[in-house]
Amino acid sequence: HQPREIHSLDFFHIESYWSIPHPPVAKVSSINEIDEEFDYVFRQVIHQWARSDVPVAVFLSSGIDSTAIAAGLAQTGSNVTALTIKMPHAGMDESEHALQTSRQLSLQSETIDIEEIQPLDILDMIVYHADLPVIHSSIVGTWWLCKHARTHGFKVAFTGDGGDEIFAGYPTHQANALIDGPFGFL
């Protein structure tokens, strides 16, 4: 039995009542064309999602993903506030870069200092609220950003979670791409 199928008990009969439409594959002539198409679609999506009559936040780090989303939101003219986590360890803290980005984009910004927080003290709560298992330590900061957003009246929050892996936004992702690259199986 597959989703989108009706099974009849009278006699063995499977009928599909729905199928995923497959748009025609676009032929691309250059990398510039791909870049322009991506930029157009990305801006359209941001503009559509930014329509809101309630306060809007963007979870901003120094990564490419959240920076791109923040830049897209800034271009919509929406009233957006950048929320950033200040981490206790300098090597993991991206708050200064995020603050520079929010200033450059003329976004309001708020920094949430989680220096006194012990992640293990809230781990049970984070796991309870997670829709899916998450194995990355960034879930602690994301949980605090969500809590801050909720308690400060933000009903809409944009996050670029997962985009850095696609865009190779951090040096660790770039290194992994080089290691895994076309010959990563060796």
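Just so it is clear, the values below take in all heavy atoms, side chains as well, and ignore hydrogens, waters and symmetry mates.
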*Between the main-chain N or O of Val80 and the side-chain N or O of Ser78, is there a donor-acceptor pair closer than 3.5 Å?*
no

*Closest heavy-atom pair and its distance - Val58, Ser66*: CG2-O, 4.3 Å

*Are Val140 and Tyr128 joined in one hydrophobic group, where the rule is that I, L, V, M, F, W and Y side chains link up if heavy atoms are under 4.5 Å apart?*
no

*Once you round to the nearest 0.5 Å, how far does NE2 of His129 lie from CG of Asp124?*
11.0 Å

*List the steps, then state whether side chain to side chain contact (heavy atoms under 4.5 Å, CB included) holds for Leu83 with Ile112.*
CA-CA 7 Å; Leu83 303 179; Ile112 299 94; 4.2 Å; yes

*Evaluate the side-chain proximity of Thr67 to Leu60: yes if any heavy-atom separation is below 4.5 Å, no if none is.*
yes

*Mind checking what makes side chain to side chain donor-acceptor pair (under 3.5 Å) contact with Gln108, not counting sequence neighbours?*
Asn79

*Quick one: CD1 on Ile126 to CH2 on Trp143, what's the gap to the nearest 0.5 Å?*
6.0 Å

_When you compare the side chain of Ile114 with that of Met87, does any pair of heavy atoms fall below 4.5 Å?_
yes

*Would you say the side chain of Val56 lies within less than 4.5 Å of the side chain of Thr81, judging by non-hydrogen atoms?*
no

*asked:* Can you list everything that forms a side chain to side chain donor-acceptor pair (under 3.5 Å) with Glu110? Sequence neighbours excluded, please.
replied: His148

*Does some side-chain heavy atom of Ile85 sit less than 4.5 Å from a side-chain heavy atom of Leu145?*
yes

*Is any side-chain heavy atom of Ile46 closer than 4.5 Å to a side-chain heavy atom of Leu73?*
yes

_Within this structure, what is the CD-OG1 distance for the pair Glu96 and Thr84, rounded to the nearest 0.5 Å?_
10.0 Å

_What I'd like to find out is whether the side chain of Phe59 reaches to under 4.5 Å of the side chain of Cys146, using heavy atoms alone._
yes

*Between Val54 and Phe154, is any pair of side-chain heavy atoms under 4.5 Å apart?*
no

_Under a 3.5 Å cutoff, is there a donor and acceptor pairing between the side chains of Asp93 and Ser95?_
yes

For residues 97-107, which side-chain N or O atoms pair as donor and acceptor with protein atoms under 3.5 Å away, sequence neighbours left out?
{"unit_1": "Thr101", "atom_1": "OG1", "unit_2": "His97", "atom_2": "O", "d": "3.0"}
{"unit_1": "Ser102", "atom_1": "OG", "unit_2": "Ala98", "atom_2": "O", "d": "3.4"}
{"unit_1": "Ser102", "atom_1": "OG", "unit_2": "Leu99", "atom_2": "O", "d": "2.9"}

